[in-house]
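Notes follow the structure.
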Amino acid sequence: MNKRKVRVRFAPSPTGPLHIGGVRTALYNYLFARQQGGDLILRIEDTDSQRFVPGAEAYITEAFRWLGIRFDEGPEYGGEFAPYRQSERKDIYNVYIGQLLDAGHAYYAFDTPEELESRRKKTANFQYDASSRMQMRNSLTLPAEETRRLIESGEKYVVRVRIEPDELVRVNDLIRGEVVVHSSVMDDKVLYKSADRLPTYHLANIVDDHLMEITHVIRGEEWLPSAPLHVLLYRYFGWTDTMPCFAHLPLLLKPEGNGKLSKRDGDRLGFPVFPLEWEDPKTGELSPGYRESGYLPEAVVNFLALLGWNPGNDQEILSVDEMIRLFDLSHCSKSGARFDYEKGKWFNHHYIRTKADKELANLFLPILKAHGIQAEPAYVEKVTSLVKERVNLVKELWDLSAFFFSAPVAYEEKTVKKRWKDDSAARLAELAEVANSCTPFDAQHTEACVKSWIESKGYHLGNIMNALRLALVGESKGPHIFDITETLGKEETIRRIRRAIDVLK
Ligand code: GLU
């Protein structure tokens, strides 16, 4: 067989916002596709009409746009295997359901929900399988004419796969090795429901992976139990030669390491589990997202890449190009990856520090606007450069730099007590004069002017600097004091000094 072009897919069901674990799955597919010179496909698995949530698909598309994960094919991107929404592929699945029925690998079942329920009550651990199917109401137990009559009369039915017992089903997993399951523990899963005229996940997933020429199925561990059925379906269809390789990624675990990461962990510990903010269309409930919480996409990508994979050494900061070069499914761990959100912040801090001032300032502008502030982009850029070293989240830029945009209206009491001395008003009045005659007003020159004045008068440097900071900032924080004066400019610096004297004298 010729070596096929690598084609992978991310196949979310639009049942709500995309969980961060799904983002990681998509990222690994992306890295693998790029490394192999292959294609990445987005397929929307919307065959469960009960769980369909409007807006979820648009959310998914927007999240990947923000993260910089680009697909080669998908509903928005087109491609030669279109359509990429399963709800638009109904007719295709019908053909394949028919094929399984004709070959005897599937059968019609008419059991009502009530009948199934009463069976479950009677038999503990009831399973619809080889041991029980002959006692149920299906096309294996009913005469052929009766089956036909029921279908024609519009009776609701499902199509179930017919799993033969006593056989070992082998799944070769690139991460887990060979996983062997005894077919007797597998049940006759539903492949199609006449009620909504749609196939279930299993059938649509397999048929599409086959038709879309998928070579590798990289997905979350929660799908591992489905893999034996998928292997059997490939065989029933006669597609074993082109069956994709499987790779089931480890779970994302709670920060404490016990159990699966959930939205509740995020709420409890104060971190998002979704890439973007999400408003539930039914309840209006708002769930926080990484973007709105002040994360950079490059930080989220780097953080997620290392949750379940490592480059083979302890390098932590990796560009996307490096990840693409180094990514290796055999370096993915089998055991769950603890979701260390503090580490996520650490990555964000790194990427904020190293981001160009101008780009960071662009992210800061809307935050300023939300605070009612219109400022010159060049000024915002300068302020950003002064505070970004100390920021973990983009929105913290505001906390550290608000005083650059609005002069203090009040002065922090405890700082006033500690830093405002009896002679502070007199000294600052002199300082305002010194500042006024200091030209140019850049940090270096102003610092020299001020220091030589203090020296010539024999004043206490620390006291004056502390009082000056209080006047300019309103409290005792902030970057280097002469970076502040330079940024504020001479006029504003003097104005703030005079105002502090007025208020605090
Ligand atoms: N639609 C499934 C999901 O929502 C896809 C699982 C798979 O990748 O096969 O995760």
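In listed order, ligands and their atoms are each counted from 1. Both backbone and side-chain heavy atoms feed into the values below; hydrogens, waters and symmetry mates do not.
For Ser184 and His182, the side-chain atoms include at least one donor-acceptor pair closer than 3.5 Å. No side-chain donor-acceptor contact under 3.5 Å links Tyr341 and Asp265. Side-chain contact of Asp208 with Tyr93: a donor-acceptor pair under 3.5 Å is present, judged by distance alone.
Nearest non-hydrogen protein atom to atom 5 (C) of ligand 1 is Ala11 O, 3.1 Å. Of the protein's non-hydrogen atoms, Ser13 OG, 3.1 Å is the one closest to atom 4 (O) of ligand 1. Among protein heavy atoms, atom 8 (O) of ligand 1 sits closest to Arg9 NH1, 2.7 Å. Given atom 3 (C) of ligand 1, the protein heavy atom at minimum distance is Trp223 CZ2, 3.3 Å.
Of the charged side-chain nitrogens involved, none lies within less than 4.0 Å of a carboxylate oxygen, so that Glu396 and Lys345 do not count as a salt-bridged pair. The pair Lys260-Glu222 fails the salt-bridge criterion, with no side-chain N (NZ, NE, NH1 or NH2) lying under 4.0 Å from an Asp/Glu carboxylate O. With respect to Glu221 and Arg176, a salt bridge is recorded, a charged nitrogen being found less than 4.0 Å from a carboxylate O.
Between Phe10 and the options Tyr84, Tyr30, Phe64, a ring pair (Phe, Tyr, Trp, His ring centres under 6.0 Å) holds for only Phe64.
Geometrically, ligand 1 and Pro12 share no nitrogen or oxygen pair separated by less than 3.5 Å.
Of the heavy atoms in Asn205, only side-chain atoms (C-beta onward) come closer than 4.0 Å to ligand 1. Contacts between Tyr201 and ligand 1 below 4.0 angstrom, taking non-hydrogen atoms only, involve the side chain exclusively.
Using a 4.0 angstrom heavy-atom cutoff, Glu222 does not count as in contact with ligand 1.
Heavy-atom proximity to Glu45, at under 4.0 Å, picks out these atoms of ligand 1: 1 (N), 2 (C), 5 (C). Heavy-atom proximity to Arg219, at under 4.0 Å, picks out these atoms of ligand 1: 7 (C), 8 (O), 9 (O).
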